[in-house]
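Below: the structure, in structure tokens.
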Number of protein chains: 2
Amino acid sequence: MSIQERKERERAQRHQLIVATARELAEAQGWEAVTTRRLAERIEYSQPVIYGHFPDGKRQIVGAVALEGFAELTAVLRQAVADGPAGRAAVAALATAYLDFAERNPALYDAMFLLDTGLLFADEQTPAPLREGFGTLVATLGPVAGEADPGAFVEVFWSALHGLASLTRSGRLPRRLAAQRLTVLVDRFAG
Amino acid sequence: MSIQERKERERAQRHQLIVATARELAEAQGWEAVTTRRLAERIEYSQPVIYGHFPDGKRQIVGAVALEGFAELTAVLRQAVADGPAGRAAVAALATAYLDFAERNPALYDAMFLLDTGLLFADEQTPAPLREGFGTLVATLGPVAGEADPGAFVEVFWSALHGLASLTRSGRLPRRLAAQRLTVLVDRFAG
DNA sequence: ACACGGATCCTAGCACCGCTAGACATTCGA
DNA sequence: TCGAATGTCTAGCGGTGCTAGGATCCGTGT
């Protein structure tokens, strides 16, 4: 029994090691630098070991990193509205927290919202960390939505945030005017 | 002289053939299927010929396709506001046209706004087709912006559209509620 | 008409990618 | 102690972007 347990523990550790290594590598050199070969070298195992943990390969690894990201983003958003702001203040707090998160964890953000992970959104099988993040937004922004359907309202707000984050990150929006854009965004969604 | 000209004409034709083939291939099988080998086979030349036209490789080809896209999107947007709608009608017309364009030309849209093309936005050297598209938005939406800076207003509006388009396309937003989201968006930016 | 020279194009190959079959070792249970 | 099962590695497949260097064609000047 105990031997079995030890093995499972070791296996879980290695699993986590792969995810952490992939994340570090992605954050340091971008996702295109995260190859199974490099990953294998870093964790000091051969390539097939990685496929023992992630049969679907790279895509699944990205998904595992993304899942960590959703948990962290949810925590960040909750923290941002922990003291219960309402109306305009709530919108501003969430927007700032979201964009800060994207700016500070670019590779993580890409895994969550840009890359193909096979993760399902707004579905029966959507993982819990993902649900909770969206739930936090809905709970906080519901009162701001007015007559609009809270779900649709939050989706549009999130889309705007994602648009700002991703276009800024890819150099398509100049960072220079980020503050003005934030003001416009908050005005639009808090009004 | 004439021989020189004929050669240049042929070269230009082949250049365009590469771009068109890349676009077709991307639209049919996605950008990951656009490889220099497949491209070479389709145009019935060897790989190095492609590099003769696009020294920077795939990235530059994607950029050329994207440029076509900006011209087409600009035309679509102008068409959408050709009869001079104002206020809410203008916002709705632009949003609908933009999202339709993204939905109908997914690979093209990716080239323009998702993939790495090396194209510069909001810069001295930004290509004309790109400027004009943004210009159309600014010209139409300026009056709607109210007190806000028209540039920032348009950037946020565009971000929201891009967020909706890209999250929908990657399966992160359910298509089911697209109409509701459009309503919310227009309400927010036309109010 | 012909040989030359430069432009043009292709063959072949590099290093790397994701992924996997099959050999090998190691460890467990009988 | 021995067979089986588990675990890991080596080696390799077909693919990628990209390029060096040789062959070939074609316009040009004699």
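Below, all heavy atoms of this structure are taken into account, side chains as well, without hydrogens, waters or symmetry copies. Just so we're on the same page: letters track the sequence lines, and every chain starts at 1.
- Phosphate proximity of dT8(C) to Arg11(B): absent, as no side-chain N or O sits under 4.0 Å from OP1 or OP2.
- Distance OH (Tyr51(A)) to P (dA21(C)): 12 Å, rounded to an integer number of Å.
- As rounded to whole Å, 11 Å separates atom P of dC9(D) from atom CD1 of Ile50(A).
- Heavy atoms from other residues, nucleotides or ligands lying under 6.0 Å from CD of Gln79(B) number 12 at most.
- Remark: P of dG17(D) and CG of Leu115(B) are 13 Å apart, rounded to the nearest angstrom.
- At dC19(C), none of the side-chain N or O atoms of Thr36(A) fall inside 4.0 Å of OP1 or OP2 (strictly under the cut-off).
- In this structure, Thr35(B) reaches the dT16(D) phosphate: one of its side-chain N or O atoms is under 4.0 Å from OP1 or OP2.
- Side chain Arg37(B) to base dG15(D): no donor-acceptor pair is found below 3.5 Å.
- Glu72(A) has no carboxylate O lying under 4.0 Å from a charged side-chain N of Arg104(A), or vice versa, which leaves the two without a salt bridge.
- Between Glu32(B) atom CD and dT16(D) atom C1' there is a gap of 13 Å when expressed in whole angstrom units.
- Using a 4.0 Å heavy-atom cutoff across all strands shown, Arg14(A) reaches sugar-phosphate atoms only and no base atom.
- Residue-environment remark: CD (Gln29(B)) exceeds the threshold of 12 foreign heavy atoms within 6.0 Å.
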Test Arg37(B) against Thr35(B) for side-chain hydrogen bond (donor to acceptor under 3.5 Å, both in side chains), laying out the working first. CA-CA 5 Å; Arg37(B) 276 179 174 77; Thr35(B) 71; over 6 Å; no
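- Considering only side-chain atoms of Pro48(B), the nucleotide from dC10(C), dT16(D), dT20(C) that sits closest is dC10(C).
- The side chain of Tyr45(B) lies closest to dC10(C), out of dG17(D), dC10(C), dA21(C).
- When rounded to the nearest whole Å, the span between CD1 of Ile61(B) and P of dT16(D) equals 14 Å.
- The residue among Ala33(A) and Val49(B) whose nearest nucleotide of DNA chain C lies closer to the 5′ end is Val49(B).
- Distance CD1 (Ile18(B)) to P (dC9(C)): 10 Å, rounded to an integer number of Å.
- Atom pair Arg38(A):CZ and dC19(C):P shows a separation of 15 Å (rounding to whole Å applied).
- Computed from coordinates, the Trp31(B) CH2 to dT16(D) P distance equals 15 Å when rounded to whole Å.
- Among the candidates Phe121(B), Phe101(B), Tyr109(B), the single residue satisfying the ring pair (Phe, Tyr, Trp, His ring centres under 6.0 Å) test with Phe70(B) is Phe121(B).
- Not a single donor-acceptor contact under 3.5 angstrom links the side-chain atoms of Gln47(A) to the base of dC9(D).
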